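This report refers to the structure that appears directly beneath it.
Quick note: residue numbers are just sequence positions, from 1. Every value quoted in this text rests on a predicted model; they were computed, and no experiment measured them.
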Amino acid sequence: MGIISAKPSSSQHGQGSAAGASAAVEPSGHSWSAPSHSHAAREEPAAAAANNKKDAKNVAIRPATSAIAASTAAASAAPPSSIVSLGDYDTPEILPRVAIIGAGYLGTRIAADLLMLGSEVSVYDQTLSVTKDRGQVTLNKKIFEVVLDCEKSNLLSLSGMCPPAESGTIPWKPWPEVAPRQARSCRSVEEACKDADIVIEAVPDKVELKSDIFARALISASPHVILATNTLSIPLGKLQKGVRDQLGVLGLRTQEPRVVGLRFLAPVVFVPLVEVTLTPPQMVGRDRTDLLNILHAWCKAAFQCDVQGAVADSANAKGLALDIRAMKRNYMRIRLDTATAGRRQSAEAKLRKARRLGPQALAALKPEEVFGFSEQVCVVCLQEDSPPTVKSAICGHLALCQDCADLLKKQTRPSCPICRSRFVAEQSWCSI
């Protein structure tokens, strides 16, 4: 298992001691309003926070395909051997448009996190689609309950964000100078997915349901759209086939649907990494590159799912055997325990605030301020000539030299020597 770091290395940007920390980023100075669903230029003020300037300039927001092209160029500039830090990314001016299908626990939290990161978010849920106006009010309340939970956990304060109104019924302004934000409630899958760059489903684990959603999404989404599933138990290849079959039922002719696995780890908000599942052909094609570029725009890191059967299940498995395999895949997925999640969320909040203040504030952050740990030598071998160079992406601790990390990864379930969280070594952009 390895880490996909969706950010260029610190050497490219000359940032300081906080370079080793993981962060999702709020675009500096960007405002956001409800999506217009047009790829025409949208003017948004961009405050030059890094230099404390009072004047602002308008930035024309281009289609996310431009972001994909730009970040692909940045990625290709990084040498394959470079270790990519999970916190070094110059804020992009372009963020992907997101459609989220399902507004339960997971879908609501994904919507809240991506709103905080600045993306335009549209949501469809059958329970919200009966009446459009009431659906919008209900969606606002659900999302802002999540945001208010972040405030109670001190995450908004740590990140420098303003809390929303207690009622949660009006759009939220995370900073006084930006436009109000809200996810748009839609009355159909097709409406939510119109011009979307990525469609994220958060519905029950049923192949037929997920396949139908993705097939309908392709009617109105952007041609390059990524279809991201949060499944815990369905093999990716099986879902891809389901989508192709459903497209045939609907009489739709389209290119191969770009279905990928993208799992947001609970509690989702302020969690800076996700799990990615790709088939072998996707690993060497555009699907991988474009998915990483979307994560790049959100400054998210990702680790590859190594659960057996997550891509393709045994062709001989039938009936009860299939159910048992599905339960095993669900059980084997990485999850964050409460303590680890809390540490990562707090660290993420501090980094978002520093990023908004600018490069100097980010460079001034020390690892011990973010993760409560800093060491000059590997904590396993304690050799003076073995500085810690390998970070555990799950907990964020930089504590191992390369040799000790390689030995640790050979264990059945390796754990961080500092906090005993699951150990997943951070790798470069170019490898998983």
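- In this model, no donor atom of one side chain and acceptor atom of the other lie less than 3.5 Å apart for D290 and H224.
- Using a 3.5 Å distance cut-off with no hydrogens or angles, the side chains of Q282 and T279 do pair a donor with an acceptor.
- V123 and V121 make their closest contact through CG2-CG1, 4.0 Å (heavy atoms, listed as atom of the first residue, atom of the second, distance).
- To the nearest 0.5 Å, atoms CZ (F303) and CZ (R422) are separated by 8.0 Å.
- Put simply, CG on L382 and SG on C404 are 8.5 Å apart, with the number rounded to the nearest 0.5 Å.
- The minimum heavy-atom distance linking T389 with L398 is given by the pair C-CD1, 3.6 Å.
- At least one side-chain heavy atom of Q345 sits less than 4.5 Å from a side-chain heavy atom of V269.
- Of the possible donor and acceptor atoms, none in the side chain of R181 sits under 3.5 Å from a partner among the backbone N and O of P171.
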Could you give me the CA-CA distance, side-chain angles and deciding distance for R244 and E256, then say whether side chain to side chain contact (heavy atoms under 4.5 Å, CB included) is met? CA-CA 8 Å; R244 289 194 296 269; E256 182 72 11; 2.7 Å; yes
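- For the pair S415 and L408, the tightest heavy-atom approach, listed with the atom from each and the gap, is O-CD2, 3.5 Å.
- With a 4.5 Å cut-off on side-chain heavy atoms, R263 and V274 do not count as touching.
- R184 has a carboxylate O that lies under 4.0 Å from a charged side-chain N of E191, or vice versa, which qualifies the two as a salt bridge.
- Put simply, the side chain of S346 gets close to the backbone of G342: a donor and an acceptor are under 3.5 Å apart.
- Under the 4.5 Å side-chain criterion, counting only non-hydrogen atoms from C-beta, Y124 is not in contact with I213.
- Within the 4.5 Å cutoff, side-chain heavy atoms of K238 are placed close to those of V207.
- Under a 3.5 Å cut-off, the side chain of D205 and the backbone N or O of S233 do form a donor-acceptor pair.
- Using modelled atom types, one finds no donor on one side chain facing an acceptor on the other under 3.5 Å when comparing D195 with S222.
- No donor-acceptor pair closer than 3.5 Å links the side chain of T340 to the backbone N or O of C395.
- Atom CZ of F423 and atom CG of L400 lie 5.0 Å apart (nearest 0.5 Å).
- T289 and R286 share no side-chain donor-acceptor pair at under 3.5 Å.
- Considering NZ of K206 and CG of D212, their distance stands at 13.0 Å, rounded to 0.5 Å.
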Applying side chain to side chain contact (heavy atoms under 4.5 Å, CB included), run through F214 and T229 and close with a yes or a no. CA-CA 9 Å; F214 283 153; T229 175; 4.1 Å; yes
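- The side-chain tip of R352 points at the ring of F270 from less than 6.0 angstrom away and within 45° of straight on.
- For NZ of K173, the number of neighbouring non-hydrogen atoms (other residues, nucleotides, ligands) closer than 6.0 Å is greater than 12.
- A donor-acceptor distance shorter than 3.5 angstrom exists from the side chain of Q383 to the backbone of C381, with no hydrogens or angles considered.
- The distance from the CG atom of L114 to the CD1 atom of I100 is 5.5 Å, given to the nearest 0.5 Å.
- V203 and I101 get closest at one heavy-atom pair: CG1-O, 3.5 Å.
- For the pair S153 (side chain) and L155 (backbone), a donor-acceptor distance under 3.5 Å is absent.
- Ion pairing between K410 and D406 fails under the 4.0 Å rule for side-chain N and carboxylate O.
- A donor and an acceptor atom, one from each side chain of S220 and E190, are nowhere located under 3.5 Å apart.
- Put simply, the side chain of L218 reaches to within 4.5 Å of the side chain of L227, judged on heavy atoms.
- In plain terms, the two heavy atoms of A425 and V390 that are nearest each other are CB-CG1, 3.8 Å.
- Ion pair R97/D197 not flagged as a salt bridge, since none of the NZ, NE, NH1 or NH2 atoms sits closer than 4.0 Å to an Asp/Glu carboxylate oxygen.
- More than 12 heavy atoms of other residues, nucleotides or ligands sit less than 6.0 Å from atom CD of Q411.
- Not a single donor-acceptor pair under 3.5 Å links the side chain of W298 to the backbone N or O of G118.
- Ring geometry, F144 versus W172: the interplanar angle exceeds 60°, so the pair is classed perpendicular (tilted spans 30 to 60°).
- Interatomic distance, CD1 of I198 versus CD1 of I294, reported as 4.0 Å (0.5 Å rounding).
- A 4.5 Å side-chain heavy-atom check between V260 and V276 finds every atom pair outside the cut-off.
- Proximity of D403 to S386: side-chain heavy atoms (C-beta onward) are nowhere separated by under 4.5 Å.
- Contact record, L117 with K300: CD1-CE, 3.9 Å, taken as the closest heavy-atom pair.
- Under 4.0 Å is where a charged nitrogen must lie from a carboxylate oxygen, and between R109 and D113 no such pair does.
- Between V225 and C193, every side-chain heavy-atom pair lies at or beyond the 4.5 Å cut-off.
- Here the side chain of E201 pairs a donor or acceptor atom with the backbone of N230 at under 3.5 angstrom.
- Checked by atom type and distance alone, the side chain of T108 pairs as donor or acceptor with a backbone atom of A103 at under 3.5 Å.
- Looking at S211, its side chain never comes within 3.5 Å of a backbone N or O of E208 through a donor-acceptor pair.
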